[in-house]
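Each remark here refers to the structure printed beneath this line.
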Amino acid sequence: MPELPEVETTRRLIEPFLLGQVIESIDHENNHRYTDLSNVVGKRITELSRRGKYIIARFEEPLELIVHLGMTGGFRLDEGKHTRVTVKTAKGTVYFQDSRKFGKWQVIPKGEYATMPTLQDMGPEPLSDDFRLEDFVQDMAACGKVKPYLLSQKPVAGLGNIYVDEALWHAQIHPEAVNLTQEQSTRLYHAIRDVIGRAVQAGGSTLSDGTYGQLDGNPGYFQFDHVAYAREGKACQRCDTPLEKYWLAQRGTHFCPRCQQL
Ligand SMILES: [Zn+2]
């Protein structure tokens with residue numbers, strides 16, 4: 001599933017086609033994954049931002065178009081067999097493809113996230129100044145199991161299964177650790193910023209299923225820097241112990257049993 005780095009890469013790639021442009025047409029499948037998107041036809045996009053794993057387009061009118069890529073959603077410059085939404089502006093046409101159909105597009109009144117609890121309760125962006133060490137230390141001092149809590153998006157936005165496993169390995173914290181010490185939270189804070197920053201630079205991670213790609217179809221490159229995710233059975237790069245995988249809160253979880261002890 002695309003996480004912050006993949007969504008941010010996607011946002012940057014579609015920006016030249018959408019930002020400052022009037023939407024000439026927007027064609028989409030008619031089902032529950034899409035609200036009626038015709039409300040934004042003829043309107044100019046004045047801001048194209050990202051919050052966690054959501055792309056948000058804002059207009060002169062008080063409306064927001066919110067796009068969640070789901071498991072396999074992404075944009076291409078050519079129409080394909082899994083194209084679900086087609087957006088046309090004077091700068092060109094972008095096609096939203098989504099083979100597994102978990103992506104969602106919604107037009108809502110600006111800032112009204114009551115029906116979107118994840119967005120409503122979302123923590124700060126990890127690379128922004130709003131993500132403050134002292135707040136994070138305080139929050140994590142009373143956290144339940146650290147991995148599920150990070151996945152909730154409440155302490156910090158944008159991390160999913162890959163980047164949580166990566167950050168916890170770097171910080172040497174077990175996925176089920178609770179009530180982190182100041183030292184653990186400080187390591188985790190810096191690990192999150194470092195991992196997310198490098199992953200954004202690399203254009204995100206393209207997994208073996210190949211569903212995430214950049215606009216031109218090229219992959220991201222951060223998968224080559226993974227040290228924990230999908231590396232079960234391989235030697236830990238810090239201590240040589242084989243990494244392990246188990247299921248935690250229905251998510252495949254990768255960690256080093258020696259460096260990341262409970
Ligand atoms: Zn290790």
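All residue numbers in this chain count up from 1 along the given sequence.
- Residue Lys104 places its NZ atom among 12 or fewer non-hydrogen atoms of other residues, nucleotides or ligands, all under 6.0 Å distant.
- Counting only distance, with no hydrogens or angles, the side chain of Glu6 and the backbone of Gly203 share no donor-acceptor pair below 3.5 Å.
- Rounding to the nearest 0.5 Å places NE2 of His174 at 8.5 Å from CG of Leu248.
- Linking Ile, Leu, Val, Met, Phe, Trp and Tyr residues whenever their side-chain heavy atoms come within less than 4.5 Å leaves Met116 and Leu65 in two separate clusters.
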Practice prompt. Please test Lys88 against Thr93 for side chain to side chain contact (heavy atoms under 4.5 Å, CB included), starting from the C-alpha separation and ending with a verdict.
Written response: CA-CA 4 Å; Lys88 197 184 244 181; Thr93 302; 3.4 Å; yes
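- Remark: Gln260 CD to Arg238 CZ distance equals 6.5 Å, nearest 0.5 Å.
- Under the 4.5 Å side-chain criterion, counting only non-hydrogen atoms from C-beta, Met1 is in contact with Met71.
- At distances below 3.5 Å, not a single donor-acceptor pair connects side-chain atoms of Thr241 with backbone N or O atoms of Cys236.
- Note: Thr9 OG1 to Phe75 CZ = 13.5 Å, rounded to the nearest 0.5 Å.
- Atom CZ of Arg198 has more than 12 neighbouring heavy atoms from other residues, nucleotides or ligands inside a 6.0 Å radius.
- When all heavy atoms of Phe96 and Gly103 are compared, the closest pair comes out as CZ-CA, 4.4 Å.
- Using a 4.5 Å heavy-atom threshold, the side chains of Thr10 and Pro2 count as separate.
- Transitive grouping of hydrophobic side chains (ILVMFWY, heavy atoms separated by less than 4.5 Å) brings Leu168 and Tyr229 into a common cluster.
- The pair Asp165-Lys147 meets the salt-bridge criterion, since a charged nitrogen lies less than 4.0 angstrom from a carboxylate oxygen.
- Side-chain contact between Ile23 and Leu37: absent, with no pair of heavy atoms (C-beta onward) separated by less than 4.5 Å.
- Looking only at side-chain heavy atoms (C-beta outward), Tyr163 and Ser205 come within less than 4.5 Å of each other.
- Within the 4.5 Å cutoff, the side chain of Val87 has heavy atoms near those of the Trp105 side chain.
- In the displayed structure, Glu24 atom CD is contacted under 6.0 Å by more than 12 heavy atoms of other residues, nucleotides or ligands.
- Between the Thr206 side chain and the Gly220 main chain, a donor and an acceptor come within less than 3.5 Å of each other.
- From Leu133, atom CG reaches atom CZ of Phe131 across 8.0 Å, with rounding to the nearest 0.5 Å.
- Side-chain contact between Met122 and Tyr113 is absent, with no heavy atoms from C-beta onward closer than 4.5 Å.
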Practice prompt. Please lay out, stage by stage, how Met140 and Leu150 fare under the test side chain to side chain contact (heavy atoms under 4.5 Å, CB included).
Written response: CA-CA 10 Å; Met140 301 311 282; Leu150 290 171; 4.3 Å; yes
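- There is no path of hydrophobic side-chain contacts, each under 4.5 Å, that joins Ile45 to Ile56.
- Under the 30°/60° scheme for interplanar angles, the aromatic rings of His28 and Tyr34 are found to be tilted.
- Ion pairing between Glu15 and Arg12 fails under the 4.0 Å rule for side-chain N and carboxylate O.
- Not one N or O on the side chain of Ser99 forms a donor-acceptor pair closer than 3.5 Å with the backbone of His82.
- Here the shortest heavy-atom pairing between Arg187 and Ala171 reads NE-O, 2.7 Å.
- In this structure, Glu29 contributes its side chain and Arg84 its backbone to no donor-acceptor pair below 3.5 Å.
- The pair Glu64-Lys110 fails the salt-bridge criterion, with no side-chain N (NZ, NE, NH1 or NH2) lying under 4.0 Å from an Asp/Glu carboxylate O.
- Under a cut-off of 6.0 angstrom, the local environment of CD in Gln182 is sparse, with at most 12 non-hydrogen atoms contributed by other residues, nucleotides or ligands.
- Residues Phe222 and Pro5 fail the side-chain proximity criterion, which asks for heavy atoms closer than 4.5 Å.
- Summarising the geometry of Ala167 relative to Ile192, their closest heavy-atom pair is CB-CG1, 3.9 Å, with the distance given to 0.1 Å.
- Between Leu188 and Phe136 the shortest side-chain heavy-atom distance falls below 4.5 Å.
- Dense packing is recorded around CD of Glu61, with more than 12 heavy atoms of other residues, nucleotides or ligands lying under 6.0 Å away.
- Under the 4.5 Å side-chain heavy-atom criterion for ILVMFWY residues, a single connected hydrophobic cluster contains both Val85 and Val94.
- Other residues, nucleotides and ligands contribute over 12 non-hydrogen atoms within 6.0 Å of the CG atom of Asp36.
- Contact between Ala57 and Leu48 at its shortest, heavy atoms only, is CB-CD1, 3.9 Å.
- Residues His170 and Ala191 come closest through the heavy atom pair CB-CB, 3.9 Å.
- With a 6.0 Å radius and a threshold of 12 heavy atoms from other residues, nucleotides or ligands, Arg58 has its CZ atom above the threshold.
- Ion pairing between a basic and an acidic side chain is recognised when a charged N comes within 4.0 Å of a carboxylate O; Glu8 and Arg50 show such pairing.
- Remark: of the listed residues His254, Glu232, Glu176, Arg251, Glu176 is the sole one forming a side chain to side chain donor-acceptor pair (under 3.5 Å) with Tyr246.
- Heavy atoms only, all atoms of each residue included: Cys239 and Cys259 are closest at SG-SG, 3.6 Å.
- The environment of NZ in Lys245 is crowded: more than 12 heavy-atom neighbours from other residues, nucleotides or ligands sit within 6.0 Å.
- Under the 4.5 Å side-chain heavy-atom criterion for ILVMFWY residues, a single connected hydrophobic cluster contains both Ile26 and Leu18.
- To the nearest 0.5 Å, the span separating NZ on Lys101 from CG on Asn31 amounts to 7.5 Å.
- Here Glu3 does not pair with Lys53 in a salt bridge; the nearest charged N to carboxylate O distance is not below 4.0 Å.
- One finds the CH2 atom of Trp169 at 8.0 Å from the CG atom of Leu243 (value rounded to the nearest 0.5 Å).
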